[in-house]
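Everything on this sheet refers to the single structure shown next.
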Amino acid sequence: QTGYITIDAGYKNTGATKSAITFLDGEEGILNYRGYSIEDLAEKASFLEVAYLLIYGELPNEKEFADFEYEIRTHTLVNEDMRKIFEGFPVNAHPMGVLSSLVSAMSAFYPETFDQNADDVTQLHIIRLLAKLPTIATWSYKKSQGHPVNYPKNGLDYCSNFLNMMFSLPVADYDVDPVVANALNKLLILHADHEQNCSTSTVRLVGSSHANIYSSISSGISALWGPLHGGANQEVIEMLEAIKNDGGDTQKYIDMAKDKTSGFRLFGFGHRVYKNFDPRARIIKKAADEVLSKLGINDPVLEIAQKLEKAALEDEYFVSRKLYPNVDFYSGIIYRALGIPTNMFTVMFAIGRLPGWIAQWKEMRENKEPIGRPRQVYVGAPKRDFVQMNER
Ligand code: SDX
């Protein structure tokens with residue numbers, strides 16, 4: 001049985017599929033969505049344009065985009081019965097746990113979900129997910145503030161609608177700052193897809209059993225929550241805060257990260273694929289400087305992050321292991337400047353990654369890929385006879 005099976009822990013050298021969606025070059029630090037570079041898309045496109053590109057394969061023309069945006073704007077309301085499920089969560093429930101639960105619950109509200117072969121039904125579910133995730137995501141924040149949840153406003157674009165639901169209050173209008181909306185747009189684009197990362201592979205694996213799209217996406221949200229994956233953006237800010245409160249002693253934390261017995265990792269550093277730099281981290285680092293100065297914010301953790309990056313990139317331990325800042329290292333500094341609380345950072349990652357998960361799920365189903373079912377090498381007990389309990 002073990003003759004032909006090779007173990008590849010973490011699938012470091014295993015290709016799970018062929019995909020036409022995203023191209024990564026880990027050595028050169030290249031990331032393209034359907035052939036377009038993220039540098040171009042982050043500067044020139046809107047997040048919804050990029051979502052359309054990832055899911056349908058082409059940048060939309062004006063009519064295609066108008067129809068897509070109209071479809072989304074008319075599905076942003078969430079079934080009021082979902083609020084009853086939501087009300088059951090304790091006020092300090094982690095927003096990622098709430099999000100994965102409510103996205104899974106969406107399958108209960110759309111029983112046609114289970115009609116596996118109707119493509120138009122799938123199209124409707126794609127629209128519902130893109131339209132409703134931001135609405136659901138803001139509920140946790142409003143509850144944590146003791147504020148009433150907001151309803152979406154169809155006159156606002158995707159990013160402005162999210163910001164309005166997050167920050168507007170019945171007692172005062174909220175004007176979306178274009179600097180904030182543009183920064184959010186850029187961040188969501190940079191998180192939109194990343195080929196076969198842990199959460200995307202999870203979405204594909206769950207979807208390969210022909211489970212419905214809501215359950216598949218909910219599984220991806222759960223995988224993303226892990227601190228080694230999307231949860232790292234929250235860990236980074238908590239780490240930078242700890243360093244700040246510890247007198248800014250970055251070397252102490254670098255030494256701790258090098259000491260295996262400490263169990264501490266430098267969150268926001270390292271990547272399975274990128275071995276010279278994460279192109280997204282470069283764009284986000286530059287954007288962090290721009291956004292904070294435009295908003296007139298002087299956040300001490302930005303300076304600590306820059307100091308930590310510099311020290312780590314001069315340290316043999318990190319250089320020899322090719323550990324560089326990844327997408328999560330600077331993103332939290334921008335989210336914080338936009339007023340988004342730390343425990344919502346990974347939710348922001350999920351909102352950005354949603355079109356990528358959808359695109360990959362759709363490609364896997366359209367390609368009629370087989371159910372995922374890897375093998376193993378058995379290392380347990382040899383065959384043995386049953387022993388009655390009174391003889392054990
Ligand atoms: C994301 O896959 C994707 O594309 C993910 C993502 C996406 O867009 O979907 O890019 C998003 O998840 C980014 C990564 C966010 N995670 C973190 O920042 C957590 C800290 N980073 C690590 O835990 C780690 O670097 C990973 C998880 C990102 C990558 O892990 P690997 O590829 O399995 O590498 P490894 O754990 O085997 O590390 C190799 C060596 C080890 O030392 P040795 O055993 O060789 O002595 O590097 C060390 C590790 O101990 N190491 C670190 C470290 N990361 C790796 N040491 C200190 N601090 C770190 N951050």
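Side-chain atoms are counted along with the backbone in the values below, which use heavy atoms only and exclude waters and symmetry mates. As the structure lists them, so they are numbered: ligands from 1, and atoms in each ligand from 1. Not measured: the values here are computed from a predicted model.
- Going from atom OG of S218 over to atom CG of L129 covers 10.0 Å, rounded to the nearest 0.5 Å.
- For the atom pair CD1 (I334) and CD1 (I340), the distance works out to 10.5 Å, reported to the nearest 0.5 Å.
- In this structure, Y317 is part of the shell of residues with a heavy atom less than 4.0 angstrom from ligand 1.
- By the 4.0 Å N-to-carboxylate-O rule, K63 lies close enough to D67 to be salt-bridged with it.
- Taking only non-hydrogen atoms, the option from K260, H271, K258, R265 nearest to atom 54 (N) of ligand 1 is R265.
- In this structure, atom 49 (C) of ligand 1 has a protein heavy-atom contact shorter than 4.0 Å.
- Side-chain contact check for S216 and W361: at least one donor-acceptor pair (N or O, by modelled atom type) lies under 3.5 Å.
- The nearest protein atom to atom 34 (O) of ligand 1, hydrogens excluded, is given as K12 NZ, 4.4 Å; this is a heavy-atom distance.
- Salt-bridge annotation for E369 and R204: present, with a side-chain N of the basic residue lying under 4.0 Å from a carboxylate O of the acidic one.
- Ranking the protein heavy atoms by distance from atom 15 (C) of ligand 1 puts D328 OD2, 3.2 Å first.
- Residue E235 does not touch ligand 1, judged by heavy-atom distances below 4.0 Å.
- Among protein heavy atoms, atom 20 (C) of ligand 1 sits closest to F269 O, 3.4 Å.
- The nearest heavy-atom contact from the protein to atom 58 (N) of ligand 1 is L266 N, 3.0 Å.
- The protein non-hydrogen atom at the shortest distance from atom 12 (O) of ligand 1 is H229 ND1, 2.9 Å.
- Between H271 and H194, the ring-plane angle classifies as perpendicular under the 30° and 60° cut-offs.
- The protein atom (non-hydrogen) at minimum distance from atom 16 (N) of ligand 1 is L228 O, 2.8 Å.
- Looking at atom 53 (C) of ligand 1, its nearest protein heavy atom turns out to be L323 CD1, 3.8 Å.
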Donor-acceptor list for residues 291-304 side chains, cut-off 3.5 Å, not counting sequence neighbours:
residue	atom	partner	partner atom	Å
S293	OG	D289	O	3.1
S293	OG	E290	O	2.9
D299	OD1	V301	N	3.0
D299	OD1	R336	NH2	2.8
D299	OD2	R336	NE	3.0
D299	OD2	R336	NH2	3.0

Tabulate below the donor-acceptor pairs under 3.5 Å that side-chain atoms of residues 379-392 make, not counting sequence neighbours, or state none.
residue	atom	partner	partner atom	Å
R392	NE	V387	O	2.9
R392	NH2	V387	O	3.0

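- Considering only non-hydrogen atoms, atom 8 (O) of ligand 1 lies nearest to R280 out of R280, H191, K275, M256.
- Residue, atom and distance of the protein heavy atom nearest to atom 32 (O) of ligand 1 are R272 NE, 2.7 Å.
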